[in-house]
Visitor: 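The structure's right below; bear with me while I get my questions together.
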Number of protein chains: 2
Amino acid sequence: MSNPTNEIDPGTHPGTYNAADYDRPSVTVDVVIFSLSLDDDDLRVLLMKRQQWPHAGQWALPGGFVQLGESLDQSAARQLQTKAGIDSVYLEQLYTFGDVNRDPRTRVLTIAYFALVPMSAVQIRDDEDSHTAWFSIFDLPALAFDHRAIIDYAYTRLRYKLEYTTVGFDLLPDQFTLTELQRAYQIILREKLDKRNFRRKILQANILEETGDMFREGEGRPAKLYRYLDDAMTEVKTRRLFP
Amino acid sequence: MSNPTNEIDPGTHPGTYNAADYDRPSVTVDVVIFSLSLDDDDLRVLLMKRQQWPHAGQWALPGGFVQLGESLDQSAARQLQTKAGIDSVYLEQLYTFGDVNRDPRTRVLTIAYFALVPMSAVQIRDDEDSHTAWFSIFDLPALAFDHRAIIDYAYTRLRYKLEYTTVGFDLLPDQFTLTELQRAYQIILREKLDKRNFRRKILQANILEETGDMFREGEGRPAKLYRYLDDAMTEVKTRRLFP
DNA sequence: ACAAAAGTGTTCGATATACACCCATGT
DNA sequence: ACATGGGTGTATATCGAACACTTTTGT
């Protein structure tokens, strides 16, 4: 595992060498873009169909090389813009995948990000280009590279964060009803939540304000619309939102 | 931010190109090695003094280049072995730091890891080589690169994980008393815990077994020694160990 | 009038928190 | 005998979980 001729340490004991002279892996960023479809109770991920070797014809996460002049966060944001036309959404670094043979071409590390985009912001040219499409996280096709593992990891993190942060709001449009919010939680957590308990807890957390408007659709009593108070902390202190 | 000539996507739409032909950053791994000194109520980090430019004379995290033939986890484990002589400890990937100018030499990403080593496993040649030393996390010297930010991030993660996992045990030797365990928690969380409540909760969690031995030192009643049940889950289900 | 969705309180069990004294040993 | 650290139980407050009916609208 240890290769003495390559055992150089730029961080602590650099010799008189040029860091750029040594073997370097290729580095990409891949983004797991989540969105919610409340209509059919589905959590979806954006995938792109590969056109070339390796894994030609398989679906893969949107991603690309990290350029030398951009930070990792910038690179991930650029993928969102260029691949999905999405701007300024929730974006968080997830994990760096670096198994030696995860890419057959050469050594490629990938820094995985996950993004949450509200349904309303989704204007992907989905049909214009059948190489880009949304897939249910509960029914994924075969995926290129280790992208299945990356998505699984991202979904675990999403469920986890939902319990003690307010990331759920990033999947909803600016204004939403409490029923919509509850359904978002139910889809992601895959469990039914009690309506009264849910509403009490979310309102007691003091992170929502009524917009004053109402949402009417079809029959039934109109629902109050709420807005997320952005200045509310995103970490819900010491106690979980949904323990 | 977007450079069209470099806008190639190996993950999704690779052209007929060689991934290795494009600009690649250098990639290192840096490890935040934590240890506890129960004697003086201190949480410590292992640092190494840099000998060369840049930041010569400043302290830095142990780390080094990722080699093409090793995974990231292997690379981190190798740093632990070669820099600190430590084997098989708790080791977890933390975050990848990739700001454009974090290293003045060239573009260098670093994948930060954090390690928890029990006091008993610490046999660093600390005085033999004054370039390696332990520092209190509460009183750090000036650090090279962005290593201060990396340590801060690692400490936040450690405190956080302590509350809902059992990582605390990885900082203790194989056998320990409940008082030692409580002090470990108190040092990391920086708060005093109630003795009775602490003991009740940790014992009710069913993750410890009595070794049968007693610990005697100086005056006072001897204390029962406990061992961590390794087969106990490390994630404490849905409820926090210390809410 | 009725169907459909929004909205609303209370009870009960579990858990967290606060708190003070006796026990076993070394000196 | 006393100093030192180990070990133990109870009462109260808070929080989570379970549970069903009324209100407002469209048709």
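Lettering of chains follows the sequences in order, A, B, ..., and the numbering in each one begins at 1.
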Visitor: Assess whether one donor atom and one acceptor atom, taken from the side chain of B/Lys195 and the base of D/dG7, lie less than 3.5 Å apart.
Guide: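 Answer is yes: a donor-acceptor pair is held.
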Visitor: Knowing that exactly one of B/Arg200, B/Lys195, B/Arg199 qualifies, which makes a side-chain hydrogen bond (donor to acceptor under 3.5 Å, both in side chains) with B/Asn197?
Guide: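 For B/Asn197, the side-chain hydrogen bond (donor to acceptor under 3.5 Å, both in side chains) check succeeds only for B/Arg200.
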Visitor: Please report the distance, rounded to the nearest Å, between CG in A/Leu38 and P in C/dA5.
Guide: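 My rounded result for the distance is 14 Å.
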Visitor: Looking at A/Thr28, A/Leu61, A/Val66, A/Thr96, which one forms a side chain to side chain contact (heavy atoms under 4.5 Å, CB included) with A/Thr110?
Guide: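 Going through A/Thr28, A/Leu61, A/Val66, A/Thr96 one by one, the side chain to side chain contact (heavy atoms under 4.5 Å, CB included) with A/Thr110 is satisfied by A/Thr28 alone.
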Visitor: Return the polar atom pairs (N/O with N/O) between nucleotides 9-13 of chain D and the protein under 3.5 Å, or none.
Guide:
| unit_1 | atom_1 | unit_2 | atom_2 | d |
| --- | --- | --- | --- | --- |
| D/dG9 | O6 | B/Arg200 | NH2 | 3.1 |
| D/dT10 | O4 | B/Arg200 | NH2 | 3.0 |

Visitor: Will you find, in the side chains of B/Tyr113 and B/Asp73, an N or O donor that is under 3.5 Å from an N or O acceptor?
Guide: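 There is such a pair between these side chains.
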Visitor: Could you give the NZ-to-P distance, from B/Lys192 to C/dT17, as a whole number of Å?
Guide: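 Distance, rounded to whole Å: 15 Å.
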Visitor: If each of A/Tyr226 and B/Gly218 is mapped to the nucleotide of DNA chain C with the nearest heavy atom, which maps nearer the 5' terminus, i.e. the 5' end?
Guide: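 Result: A/Tyr226.
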Visitor: Which whole-number value in Å describes the distance from B/Gln182 CD to D/dG7 P?
Guide: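 So the two atoms are 11 Å apart, to the nearest Å.
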Visitor: Can you measure A/Glu217 atom CD to D/dG26 atom C1' for me and round it to whole angstrom units?
Guide: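 Checked: the CD to C1' distance equals 12 Å.
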Visitor: So does B/Arg221 get a side-chain nitrogen or oxygen closer than 4.0 Å to the phosphate oxygens (OP1/OP2) of D/dT4?
Guide: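 So the side-chain polar atoms of B/Arg221 never come under 4.0 Å of the phosphate oxygens OP1 or OP2 of D/dT4.
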Visitor: Does B/Arg50 make a cation-pi contact with B/Phe145 (under 6.0 Å, within 45 degrees of the axis)?
Guide: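 Output no; distance or angle outside limits.
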Visitor: What nucleotide, of D/dG7, C/dG26, C/dA6, holds the atom closest to the side chain of B/Glu219?
Guide: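 Per side-chain heavy atoms of B/Glu219, the pick is C/dG26.
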Visitor: Nearest whole Å is fine: how far is C/dA16 C1' from B/Glu191 CD?
Guide: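 So the CD-C1' distance, B/Glu191 to C/dA16, works out to 13 Å.
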Visitor: CG of B/Leu181 versus C1' of D/dG7: gap in Å, rounded?
Guide: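 After rounding, the gap between these two atoms is 15 Å.
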Visitor: Taking the cut-offs as 6.0 angstrom to the six-membered ring centre and 45 degrees off its axis, would you call B/Arg157 and B/Tyr95 a cation-pi pair?
Guide: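 Because its charged atom misses either the 6.0 Å distance or the 45° angle limit, B/Arg157 does not stack over B/Tyr95.
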Visitor: Below 30° counts as parallel, above 60° as perpendicular, anything between as tilted: where do the rings of A/Phe114 and A/Phe34 land?
Guide: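 Perpendicular: the ring planes of A/Phe114 and A/Phe34 meet at over 60°.
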Visitor: Using a 4.0 Å heavy-atom cut-off, does A/Thr179 contact any base of the nucleic acid, only the sugar-phosphate backbone, or nothing at all?
Guide: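 Here A/Thr179 touches the backbone only, sparing every base.
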Visitor: What is the separation between atom CD on A/Glu180 and atom C1' on C/dA5, rounded to the nearest whole Å?
Guide: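 From A/Glu180 CD to C/dA5 C1': 12 Å.
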Visitor: Give the rounded distance in Å between these two atoms: CZ of A/Arg199 and P of D/dG16.
Guide: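 So the CZ-P distance, A/Arg199 to D/dG16, works out to 18 Å.
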Visitor: Quick check: does any side chain N or O of A/Arg183 sit under 3.5 Å from a backbone N or O of A/Leu38, one acting as donor and the other as acceptor?
Guide: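 Indeed, once roles are kept as given, a pair shorter than 3.5 Å links the two residues.
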